[in-house]
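Here the structure comes first, spelled out in C-alpha cells, and everything after it is commentary.
Just so it is clear, the structure is predicted and the values come from calculations on it, not from any experiment. Order of appearance sets the numbers: ligands from 1, and atoms from 1 within every ligand.
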Amino acid sequence: MTAEPGTRVLKAQGQDVAPAIEAAAACLAAGGLVAFPTETVYGLGADARNGEAIARLYAAKGRPSFNPLIAHVADVEAARGLARFDAAAEALAAAFWPGPLTLVLPKRPRSGVSDLALAGLDSVAVRVPAHAVAHALLTAFKGPVVAPSANRSGHVSPTSAAHVLADLRGRIDMLLDAGPCPVGVESTIVACLDEPTLLRPGGLPREAIERVLGRALAVAAIAEDAPLAPGMLSSHYAPKARLRLDAEAAGPDEALLAFGPAPAASVTLNLSPRGDLIEAAANLFSHLRALDASGAKHIAVMKVPHEGLGEAINDRLARAAAPKAGTQP
Ligand code: TXA
Ligand code: MG
C-alpha cells in the first residue's frame, strides 16, 4: 500500500464508527498507517508484526529508529501473549486497564512483534487503551498495533484530528477522527522488569499507582546519551516558541499560558481558569500549538502545582522549555 498522495480522513463518531473501523482494520492488515484516537493522545498505528509497515511509520514520523514503540492490544489476555507479567504488573493491569498506563515488561520470545518496533530491546511496552474507537479498532484488527503519538518527531503530541493532519497529512494512509482526546497527555509508563519504576509521568497519576502497589515507585535516572525511554530526550516535546516557566505575568514580547486566575496579557490562553489539573492536561498540547500558531516567539507559562496530573504537565513543560536538540540555544 502506498501512502501518497492522500490521507483518507474518516469520521469515527456515532453511526460512522462501524464502517470507519472496518476500513481502518483492513488498511492496517494491508500494511497501512492509520492514525486513531486514544483517551490520551492520537496514535499512529501500524501492524506490530509487519516490519515494512513499521519502517514506513518511522519514516512518516521522521523518528530516530532507536526509539521503541508501544504495542496496543484490546485486553490483558492479548497483552499476556506479548509479555511476561510479574505480580506487580498483574495488579496494575487489573486496576488500571483499560486506561492511560503503559507497562514495560520482559517480552516473550515468539510474541511476533517486529524487532524493529522494539529497537532491539528484550522488553516490550504494552498498553490497553480505554477509548471506544481504539478498542473497537484493536478488536477488529485482532492483533497488536504499535502506535507512537501521531506527530512529527520532536513536535508536541496531537490531541485532535486537526493536529494530526497538520503534521502528517499525505504521509499516512488514514485518520480516524473522533474529536478531542479526553486525557490530553500521554500514558504513564511503568517498567515492571524488577522494581516497579516510573519511566514517564503521564495521564495516570503516580499516587494512584503507588496506592495499588502499596509502596513508592522507583524513578529511572534518564541519562541524556543512553535514555531508558528514548522519548524522554530532554527536548522531545517541543513547540517552536521559547518557554519561560513559573512566570507570574507575561513580559512585553511574551504570550501568556495561564493556569488559574490570570493577569492580563495581549495573547493569553488559560490551561484551566478554575485551576483544575485534569482540564489543564486536556488543554496542554492544543494550547501550546495554538500559541505557536499565533506567531508568539516567547511564551511565559504560569506555575502549575506538582500533584496528581501536575507531575506530567510539569514534565512536558520542562521538556518543551529545554533547548532543542541540534540547535544552538
Ligand atoms: O499515550 C501514549 O502512550 C501514546 C498513545 C498513542 O498510546 N503513545 C505514545 O507513544 O506516547 P510514544 O512512542 O510517543 O512514546 C512511547 C515512549 C517512548 O519514550 C519510548 O522510548 C518508550 O515509550 N518505550 C517504548 N518501549 C520501551 C521499552 N521497551 N523500554 C523503555 N521505554 C520504552
Ligand atoms: Mg511521542
Let me check something: any side-chain donor-acceptor pairs from residues 255-270 under 3.5 Å, sequence neighbours excluded? List them with distances.
from   : atom 1 : to     : atom 2 : distance (Å)
Thr268 : OG1    : Ala265 : O      : 3.2
Asn270 : OD1    : Ser272 : N      : 3.0
Asn270 : ND2    : Gly260 : O      : 2.9

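- Distances shorter than 4.0 angstrom do not occur between any heavy atom of Lys107 and any atom of ligand 1.
- Some N or O of Asn67 is nearer than 3.5 Å to an N or O of ligand 1, by distance alone.
- Of all atoms in ligand 1, numbered sequentially from 1 with element shown, those under 4.0 Å from a heavy atom of Leu121 are 28 (C), 29 (N), 30 (N).
- The CG atom of Leu176 sits 10.0 Å away from atom CZ of Arg8, with the distance rounded to the nearest 0.5 Å.
- Listed by atom number, the atoms of ligand 1 under 4.0 Å from Pro148 heavy atoms are 10 (O), 12 (P), 13 (O).
- With salt bridges taken as basic N to acidic carboxylate O contacts below 4.0 Å, none links Glu210 and Arg215.
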Does the pair Arg127 and Thr40 meet the rule for a side chain to side chain donor-acceptor pair (under 3.5 Å), with working shown?
CA-CA 12 Å; Arg127 153 159 148 77; Thr40 57; 3.1 Å; yes
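- Using a 4.0 Å cut-off to heavy atoms of Glu186, the atoms of ligand 1 that qualify are 1 (O), 2 (C), 11 (O).
- Residue Lys61 has no nitrogen or oxygen atom sitting less than 3.5 Å from a nitrogen or oxygen atom of ligand 1, judged on distance alone.
- Proximity to Ser123 (heavy-atom distance under 4.0 Å) selects the following atoms of ligand 1: 28 (C), 29 (N), 30 (N).
- Interface atoms of ligand 1 facing Ser149, defined by a heavy-atom separation under 4.0 Å, are 8 (N), 9 (C), 10 (O), 12 (P), 14 (O).
- Within the listing of ligand 1, atoms 3 (O), 8 (N), 9 (C), 10 (O), 16 (C) sit less than 4.0 angstrom from a heavy atom of Ile70.
- Between Arg289 and Asp167, at least one side-chain N (NZ, or NE/NH1/NH2) sits under 4.0 Å from a carboxylate O, which counts as a salt bridge.
- Within ligand 1, the atoms closer than 4.0 Å to a non-hydrogen atom of Ile189 are 17 (C), 23 (O), numbered from 1 in the order shown.
- Salt-bridge check for Arg200 with Glu311: failed, with every basic side-chain N at 4.0 Å or more from each acidic carboxylate O.
- Inclusion of Thr40 in the set of residues having an N or O under 3.5 Å from an N or O of ligand 1 is warranted.
- Taking every heavy atom of His72 and a limit of under 4.0 angstrom, the matching atoms of ligand 1 come to 5 (C), 6 (C), 7 (O).
- Under a 4.0 Å N-O distance rule, the pair Lys11/Asp177 qualifies as a salt bridge.
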Below 3.5 Å, can you tabulate the donor-acceptor pairs from side chains in residues 293-310 to any protein atom, sequence neighbours excluded?
from   : atom 1 : to     : atom 2 : distance (Å)
Ser294 : OG     : Leu291 : O      : 2.6
Ser294 : OG     : Ala296 : N      : 3.4
Lys297 : NZ     : Gly295 : O      : 3.4

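- The Mg ion (ligand 2) has no N, O or S atom of Ser153 closer than 2.8 Å.
- The pair Arg56-Glu52 does not count as a salt bridge, with every side-chain nitrogen at least 4.0 angstrom from each carboxylate oxygen.
- Checking only distances, Arg200 does come within under 3.5 Å of ligand 1, N or O to N or O.
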